[in-house]
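Report on the following structure.
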Amino acid sequence: MAAPLAPTDHVVVDGVALLKIVNHCEQAQSGYEQPQGVMLGMVNSLEKSLEVTNCFPIPPLQPQEDQQKYEEKLYKYQMDMMRNYRHVNIDSLVVGFYQSAYFGTFVTSAFLESLYEYQENVQESIVLVYDPLKTSQGFLSLRAFRLTTESFAMMGTEDFSSESLRDTKMTFERLFEELPICFRNSSLVNGLLCELEERNPLRTDCHFLDIGTSSVLEKSVRLLMNAGEDFIKETNGQINYLRQYNRTIQMRNQYVSRREEENGKRKQRGEPPLPEEDLSRQFKLPPAPSRQTTLLTSSQVTRYSRQLNEFAAQSLAKLFAIQSLQQK
Amino acid sequence: MSKFFAGDSESESESSVSDEEEQEQKPTIAKPAFMVSDEEEDEDEGKREVKSAKVKRHDELKSIVKQLKNQQKIHDISKVLASFEELARIYEKAKKVIEREGHAPMFYVRGIAELMDYIEGRWEDREWRSTMNKINSKSLHTLRQKLRKYTRDFEDDIRYVKENPTADTDSEPEMDEPEAPAPSGAEIFRKDSFPREEPEQKSESDESDSEKSEGDDFWSSSGSSESDDDEGKDQDGDIKQIFMKKSTDAQPKEPGVVKEKISKKPRDKQKLKKDASAPDGDWVVKPGQLPEKGALFPKDTEITVAACVKKLNEILAVRGKKGTNRREQIALIGELREIVRKHKLGPCLEAKILFSLISAVFDYNQKVSSSMMPEIWEKCTSTMDEILTLLEENPSILASENIPEDSENFEDSENYRVRGCILTIFEKMDDEYTKILQTSDAHATEYVDRLKDEGRICQILEHLQRFLESRTATPSQELCRIYLKRIEHTYYKYDYASVRRQSNPNLDEPVVAGADETRRLIDDLCKFIYTHDKTDRIRARALLCHVYHHALHDRWFEARDLMLMSHMQDTIQHADIPLQILYNRTMVQLGFCAFRNGYIKDAHQALNDVQSANKSKELLAQGMQMRNMEKTAEQEKTEKQRLMPYHMHINLELLECIYLVSAMLIEIPYLVSHEFDTRRRMISKQFHYQMKMSDRQALLGPPENMREHVVAASKAMKTGDWKACVKFLINEKMNQKVWHLLPQADRVREMLISKIKEESLRTYMFAFSPVYDSVSLPTLAEMFALDETCVHSIISKMILNEELMASLDEPSSCVVMHRTEPSKLQSLALQLSEKIINITELNEKIAEFKTNRGSQNTYQRQQGQGYQSWGGGGGHDRGYQDRGYQDRGHDRGYQDRGHDRGYQDRGQDRGYQDRGYQDRGYQDRGYQDRGYDRGYGHDRGGRGHDRGGRGYDRGGRGHERGGHDRRAASRRMAQLMSN
């Protein structure tokens, strides 16, 4: 699919869609799967924006349900939903999906694939990631991501070998691009909000002053540790591969040099040289491991680190504030 | 054949030797199915049918005998030999027929005798011998030897024949048949019988006949039900029917009936006819004399010891044969005993009969797995009683297994000897009793009824014990056996009386005789066994019972010491399975005892083996696992036989509860203190499993069963909430389910509460010490409702063990935290840093691959460098940690490499030494060093090492060393790095 002339550079989320997302994610918290949903909207090429105007949730896979059946059901459900929306004159263009994730733990290969699928249909598709935990602390956390063109292309070829990574200059940082989000409400809603604010002024919730930082930090560190474990696993795989690779290469080299020697002798004796052989068949190189996981893990770790950084900065600020308060 | 002659020689000694008797020798053992008095009828009536077979055999024999004679005449020894062999072969064939006659045919014996004479004559004739050819001389030689061997069986006959050389060979058959009916042992008795016994004899003789026919009748007419001897009731009916037939008007009918049914046994039928009609005239029914039972002796028979023995042997001869009516056999033996008693034939004979009777009773059940019926059991015990009394009253009777049957002596009143071992019989009876209990439903009243017999058994047992003790001749091994039985019947019974007496000595309860303190009893018996037993098995069993008994009565130290001294733990896996079961039971009881006495760790250790694999039911032989399908039926059967009777069961719920509670008390503080230790080990798998199961539950309701209670209590304890913990463990439900099962439950509950408080305090300190700068001891004491001194001691112990980084500030009685322990976050960060080190190391490795692709040498070198550089990194890291936690005296950062464990040991050691904590307790620990560690730890699965390594057996020397090694290693590593 050809790249659009003017790629969108920001996301506009409608109030309705936002509230629906938040509502769904908060309600459907279960231990197993993160709640997900489909977003509907339109591409506004004039303003170079992607507008998300509505959404609907996807029913989670029941533990005992058959995967294939579930997918069929899901497809039918989506079609129905979209038809219904069209009937009431709501945008029925699928512009991506949303999901909730604690601490930004969303970078998985499944995530990558589904995002790719959405983007295959509509190039501008994005994913909205909602963090219920942060929201409960007083910060609405909603972020929009999209595959970069490079990663999109790479997903298309499904080639995640070291070489292709090197050639495309692909790094974990360029796996996704984040888009700025702005919220938009109709004037009517804005008016209502203003009125509501007047009628009962906002309770000043002090969640954001919470300095019980250790649990968040602990959680983050734990997640980092898990990621570290993944790294170790991946690296070990890589090392194994390299070892095998080296061994094969070495054996091939030895073989070749022996052949050459033999050929030289034959030449001296005036005999015809030995016929060429298919070396690649004789010395099969081990298949190179995919670097996708490493990429993802790196990306995830970056995300964690950034988050931690952010959090630490905030916490430090808070602590300083409290310290000065205490001294008084 | 030897039996046959043995029997004969006895009768010979009593009556004069005559032709008749000679011919009428009755096989006693070998020919059980027929009775003496049947013989004549048999012969008379059965002639027509038998003749063909018999005559045929006789003719064969005769022809060969004739041939033999001819060959002898021409001195063809080799042919003689061949003929002789042929003769022997045919005789063997004809044996059946001959046995029925009861003796070898005259002509045959004569032939043999002549042959013998001839051979001996030839043998003597040296001149002739030297002239004959080689084959012949060889044949002569073999023949002579064979003949000698062969004739040993016929000595009497041959002697007789030699004495009566006039008897004509040809007349033999004639003589055989018509004369046969008249004389028999019984006949002879009849002639000389005393007049006063006449009436009895008469009836008996009649009955004897009818008895016989009964037997046959039953045997054949009840063909359909014949094999189902086990169906007691049916059989009852059957027998009754037959009896009735006999004694009333059934007689005329009977032959007809029999005729219809019997086709194959014409002889029997004939005989039956005769039986039925013959005794008609003399039939006298004597009330109270078991009229329907067959009389054993024909009338006019003289009842002598020998006759009785013979009779007894006859009765017993059918034992074990198919179709034997075992009930009847028992009745017959009983009858015989009555007779013996009436005729005052001596107690020894009676003993002999009783022995037979009881073995017949044991035989009653053919299947090994099925148990005795109550009435048979009743018979068994009463017989046992009788034997015992009899033997006791007649000290001159020597009953032993070692007396062969031929050297039994029933007549010499000074020196009675009888074969049979009362001890063995008792053991058998005890087994039967166990079987009865095993097969009856433990939850029905039936079981209680059966269990009432336990008292009876014990009575007999005590009686037997007294008896054996009074006999000086009893070998000590037998005493050991009876003592073991006594112990086995005592060890599992809780001695309420003596416990009550102990608890309030001033209570003047009348001491019931026999309810003597079982402790002393067991002690004495066991000591005897320890000194006198020569088989290890009895000693091992006695010892385990001893330990069990100690443990049951809360004598923890005695029980434990005894257990450790036995070193049973090392060898038990090689022992036989019943012993292993007993061992398991003992260990469980020992664990209970430890728990009741507050030795939680010991309790946990003792119970761990049984409980850990979730197979306690099987290990204690209290039931079988249903799910195990790979067992064969055979295995299942043997396993079933090993099951403990219900009244000896150990409550499995109690077992599990005690185990889990012990595990909780140990595991929870450990769990909390090592929360971030990645190499944390599980102390109790089972406990962890339960915890995990509960965590997995989506919805946690209030606890229902025992396990849930324990889990809930554990969770409460994790936060140091001792009140909730106690509430979960000790409440109405748990009392009902578990605690009431323990004797002195109140004491146990108190102990448990105090333990919970202590461990909760420890847990609390582990969990929440980072929150505090200092805690005052009185506050802690108040929080946990403990004495201040107690809190002080617990906190001190924790400090000394370096579990708690704090110090005590005496003036303000506060615990001041040092805050040197890394916080949760810090320890996590440390772990993370370690992970990252790991990653960088691996990364460098990859880099080396990339840079040195293809050249192996450089690769290796580079790899070495890589390691070094990593090591440098590690060292650096370490330095930081050392600086950070220097006051802890060891590098925390490496704790997950495991060497921190050795350190812990040292700490604990020091703790004990410094504080001199619990003098007694400490000594015990010392003891543990030597035996315990090796002991409990060394369990079957080899899991012992694991546990030993956990620093549980404090101060285990082996492990100390391990710790040192590890520490030394780490020091060396540190040096390397700093270089």
Side-chain angles (χ1 to χ4, degrees), chain A residues 29-32 63 162-163 166 212-257 283 285-286 288-289 291 294 297-298 301 304-305 308 311-312 315, chain B residues 675-679 692 694-700 767-771 819 821-863 866-867 870 873-874 877 893 896:
Chain A
Q29 286 303 333
S30 74
Y32 301 106
S162 316
E163 282 73 22
R166 194 178 53 208
T213 53
S214 64
S215 68
V216 179
L217 286 175
E218 272 167 29
K219 189 87 190 163
S220 304
V221 173
R222 267 183 213 279
L223 288 169
L224 271 177
M225 271 162 65
N226 288 346
E229 255 160 44
D230 291 347
F231 255 130
I232 290 172
K233 222 193 293 170
E234 280 298 308
T235 321
N236 272 330
Q238 189 71 17
I239 287 173
N240 273 343
Y241 158 71
L242 285 176
R243 195 171 289 155
Q244 236 171 337
Y245 181 84
N246 278 354
R247 201 177 302 140
T248 319
I249 293 285
Q250 206 174 2
M251 272 162 71
R252 194 175 68 182
N253 288 349
Q254 274 172 6
Y255 181 78
V256 168
S257 62
F283 299 96
L285 286 172
R291 305 301 307 275
T294 321
T297 317
S298 306
V301 167
Y304 288 146
S305 318
L308 259 178
F311 186 80
S315 299
Chain B
E675 206 178 346
F676 309 113
D677 197 338
T678 40
R679 294 274 169 93
K692 216 163 50 188
S694 135
D695 283 341
R696 225 176 271 166
Q697 219 108 48
L699 195 67
L700 212 59
F768 300 110
S769 64
V771 180
R819 298 249 181 207
E821 195 72 31
S823 71
K824 231 181 194 182
L825 188 58
Q826 279 166 326
S827 53
L828 275 175
L830 285 175
Q831 282 177 37
L832 179 62
S833 68
E834 196 146 314
K835 279 246 159 66
I836 290 168
I837 291 166
N838 214 344
I839 292 170
T840 42
E841 164 208 345
L842 287 172
N843 242 347
E844 276 170 55
K845 232 173 173 180
I846 288 183
E848 281 146 28
F849 272 109
K850 300 262 173 193
T851 49
N852 302 291
R853 182 176 293 173
S855 96
Q856 200 70 24
N857 286 338
T858 39
Y859 153 61
Q860 272 169 354
R861 205 186 57 227
Q862 288 270 335
Q863 198 182 31
Y867 274 127
W870 162 68
D877 194 26
D896 44 351

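Residue numbers begin at 1 in each chain, while the letters A, B, ... track the order of the sequences.
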- prompt: Which residues pass the side chain to side chain donor-acceptor pair (under 3.5 Å) test with S298(A), sequence neighbours left out?
  reply: none
statement: Rounding to 0.5 Å, atoms CD (E841(B)) and OG1 (T235(A)) come to a distance of 10.0 Å
- prompt: What distance do K845(B) atom NZ and N236(A) atom CG have between them, rounded to the nearest 0.5 Å?
  reply: 7.0 Å
- prompt: Distance from E229(A) atom CD to N838(B) atom CG, nearest 0.5 Å?
  reply: 10.0 Å
message: Measuring from atom CE of M225(A) to atom CD of E834(B), what distance do you get when rounded to the nearest 0.5 angstrom?
response: 9.5 Å
message: Please classify the contact between L842(B) and chain A as side chain, backbone, both or neither, with a heavy-atom cut-off of under 4.5 Å.
response: both
field: Where K835(B) and I232(A) come nearest, the two heavy atoms and their spacing
entry: O-CD1, 4.1 Å
task: Output the distance between atom CZ (F231(A)) and atom CD1 (I836(B)), rounded to the nearest 0.5 Å.
output: 10.0 Å
task: Apply side chain to side chain donor-acceptor pair (under 3.5 Å) to T294(A) and list each qualifying residue two or more places apart in sequence or on a separate chain.
output: E234(A)
